[in-house]
Amino acid sequence: MNVAVPPKGPVDLLTFGESMASLRTAGALRSGGYLAMHLAGAESNVAIGLARLGHSARWAGRVGADEVGEFVLGKLRQEGVRVDCTPRDGARLTGLMLLERRTSDISRAHYYRAGSAGSALTVADIEPALAAGARVLHLTGITPALSASARDATLWAARTAAEAGIMVSLDLNYRSKLWTRPAASEVLRALAPHAGIIIASDDELDLLADPRELDSQGSGAGDEEVLAQRLLGSGVSEVVVKRGAAGATLYSAEGTLHETARRVTSIDTVGAGDAFCAGYLSALLDGRPYPERLARGAVLGAFAASTRGDWEGLPQRDELDLLGAYVSGATVR
């Protein structure tokens, strides 16, 4: 395995996980047809979103020593994301995902990532990137679901970053095709005490509930606000609940805030949650107050949902006001 050159200099945001090639079709996979190749990965989506807004971002992970791995790294470099701490694994292939647009409202993902290079992530792979420094470490619940070594690396990074005074952001990002809710709950509850910011969809926050509050299927019985207040009392500074078209809610020591979603024509919602995270963290890095963090998250989520691709439609900083400046369907001349 080729080890990357040690990274130079700290960044605003560090994130790591598995990035892959996503082969997308406009219809049912079983019917065949044209497939277009894109870059996919929740963590790299966030890194790209921040880089487009002018922040320095580093993505650490492991890719195969193959053409798909070079595609992943090339796309990230093109978007200004640092990949100077990414080893190539000659023994494993870079992961793949097939994404079919089953209806106008439903897409289905099919993963080919078991035993992939990204799933073999270890502490040694991310240690140099964390040692280089970052203002924020962004984690998701996807990476620890990939393998035991990836889980250990995620737990190590969360603990080490928190001890070093780095803000840890944790997006629960539960994926039912990767693990069960009880398994996810056990790991995410171990991660949560190290996080300063916890982000979850409105059907995910109960993963952090005490297991005695879960039924036999792993569904939570706890109230969202009660769970959020417990997390705040345990040391978390911000709990953000993403609600899709219904907006987002923030719980903090200053109280509860709600942000409505921007009105756009929804085209592709894959990646919208990652875009929200990028917008929220961007405003945090800019030192903006809670309302502006939520607002920027909503703006980036709207850009993602109203354009095709996980990240391709995300805005540059000078486009942040674009959605509110023109009527729907306008052509800017």
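In this chain, residues are counted from 1 in sequence order.
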- Would Asp274 and Asn173 count as a side-chain contact (heavy atoms from CB on, under 4.5 Å) if you check the C-alpha gap in whole Å, the side-chain angles of each, and the deciding distance to 0.1 Å? CA-CA 9 Å; Asp274 302 327; Asn173 239 336; 3.6 Å; yes
- Message: Between Leu93 and Val68, is the side-chain contact (heavy atoms from CB on, under 4.5 Å) condition met? List the steps.
- Response: CA-CA 8 Å; Leu93 298 175; Val68 177; over 6 Å; no
- Message: Determine whether Leu130 and Trp156 satisfy the following criterion, side-chain contact (heavy atoms from CB on, under 4.5 Å), listing intermediate values before the conclusion.
- Response: CA-CA 11 Å; Leu130 191 55; Trp156 174 85; 3.8 Å; yes
- Intermediate values then yes/no, side-chain contact (heavy atoms from CB on, under 4.5 Å), Lys177 and His110: CA-CA 9 Å; Lys177 290 190 175 183; His110 305 268; 4.3 Å; yes
- Might you work through the salt bridge (charged side-chain N to carboxylate O under 4.0 Å, His left out) test for Asp286 and Arg296, ending with a clear yes or no? CA-CA 11 Å; Asp286 285 346; Arg296 192 175 297 180; 2.7 Å; yes
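Side-chain atoms of Val81 and Ser44, non-hydrogen and from C-beta on, never get closer than 4.5 Å to each other. Using a 4.5 Å heavy-atom cutoff, the side chains of Glu225 and Tyr251 are in contact. When side chains are defined from C-beta on, His55 does not count as touching Leu13, because their heavy atoms never get closer than 4.5 Å. You'll find the side chain of Met167 reaches within 4.5 Å of the side chain of Ser237, heavy atoms only. Two residues are said to be in side-chain contact when any heavy atoms from C-beta on lie closer than 4.5 Å; Leu294 and Val240 meet this criterion. Residues Tyr280 and Leu250 form a side-chain contact, since some pair of their non-hydrogen atoms from C-beta on lies under 4.5 Å apart. Between Lys242 and Asp171 the shortest side-chain heavy-atom distance falls below 4.5 Å. In this structure, the side chains of Leu50 and Asp12 stay at 4.5 Å or more apart for every pair of heavy atoms.
Remark: Glu186 CD is loosely packed, at most 12 non-hydrogen atoms of other residues, nucleotides or ligands lying under 6.0 Å away. In the displayed structure, Arg317 atom CZ is contacted under 6.0 Å by more than 12 heavy atoms of other residues, nucleotides or ligands. Crowding of Glu67 atom CD: a count of heavy atoms from other residues, nucleotides or ligands under 6.0 Å not exceeding 12.
Two different hydrophobic clusters hold Phe16 and Val136 under the rule that ILVMFWY side chains link at heavy-atom gaps under 4.5 Å. In the hydrophobic clustering of this structure, Val270 does not group with Ile48; members are Ile, Leu, Val, Met, Phe, Trp, Tyr whose side-chain heavy atoms approach within less than 4.5 Å, directly or through other members. In terms of hydrophobic clustering, with Ile, Leu, Val, Met, Phe, Trp and Tyr side chains grouped at heavy-atom distances under 4.5 Å, Leu53 and Ile197 are assigned to different clusters. Hydrophobic clustering, with ILVMFWY side chains joined whenever heavy atoms are under 4.5 angstrom apart, keeps Ile199 apart from Leu191. Hydrophobic clustering (side-chain heavy atoms under 4.5 Å, transitive across Ile, Leu, Val, Met, Phe, Trp, Tyr) groups Phe71 together with Trp59.
Leu14 and Ala134 make their closest contact through CB-CB, 3.7 Å (heavy atoms, listed as atom of the first residue, atom of the second, distance). The minimum heavy-atom distance linking Ala60 with Thr86 is given by the pair CA-OG1, 4.3 Å. The two residues Leu314 and Ala304 come nearest to each other via the heavy atoms CD2-CB, 4.0 Å. Between Val72 and Ser19, the shortest heavy-atom distance links the atoms CG1-CB, 3.7 Å. Between Gly64 and Arg88, the shortest heavy-atom contact is O-CG, 4.1 Å. Minimum heavy-atom separation, Ala261 to Gly244: CB-O, 3.7 Å.
Within the 3.5 Å criterion, the main-chain N or O of Thr15 finds no donor-acceptor partner in the side chain of Glu43. At distances below 3.5 Å, at least one donor-acceptor pair connects side-chain atoms of Ser234 with backbone N or O atoms of Leu231. Checking side-chain atoms of Ser201 against main-chain N and O of Asp203 turns up no donor-acceptor pair under 3.5 Å. For Arg135 (side chain) and Leu285 (main-chain N/O), a donor-acceptor pair under 3.5 Å exists by modelled atom type. Looking only at distances, no side-chain donor or acceptor of Arg262 sits under 3.5 Å from a matching main-chain atom of Leu323. For the pair Arg113 (side chain) and Met97 (backbone), a donor-acceptor distance under 3.5 Å is absent. Using modelled atom types, one side-chain atom of Thr154 and one backbone atom of Ala150 make a donor-acceptor pair closer than 3.5 Å. Distance alone, capped at 3.5 Å, places no donor-acceptor pair between the Tyr174 side chain and the Leu205 backbone. Formation of a donor-acceptor pair under 3.5 Å by the Glu292 side chain with backbone atoms of Tyr290 is not found in this model.
Atom CG in Leu232 sits 9.0 Å away from atom CD in Glu238 (nearest 0.5 Å). To the nearest 0.5 Å, the span separating CG on Leu73 from CD on Glu70 amounts to 5.5 Å. One distance of note links CG of Asn45 with CD of Glu79; it measures 10.5 Å at 0.5 Å rounding. From Thr143, atom OG1 reaches atom CZ of Arg151 across 13.0 Å, with rounding to the nearest 0.5 Å. Between the CZ atom in Arg288 and the CZ atom in Arg293 there is a gap of 10.0 Å [rounded to 0.5 Å]. Here the OG1-CG distance, from Thr160 to Leu155, works out to 10.0 Å after rounding to the nearest 0.5 Å.
Counted by atom type alone, Ser56 and Arg82 present zero donor-acceptor pairs between their side chains at under 3.5 Å. Between the side chains of Ser169 and His138, at least one donor-acceptor pair of N or O atoms lies under 3.5 Å. Residues Ser149 and Asp152 have side chains that never bring a donor and an acceptor to within less than 3.5 angstrom of each other.
Each of Ser119, Ser116, Ser147 was checked for a side chain to side chain donor-acceptor pair (under 3.5 Å) with Glu18, and the lone residue meeting it is Ser116. Tested against Ser22, the residues Leu39, Leu98, Leu99, Leu35 include a single side chain to side chain contact (heavy atoms under 4.5 Å, CB included) partner, Leu99.
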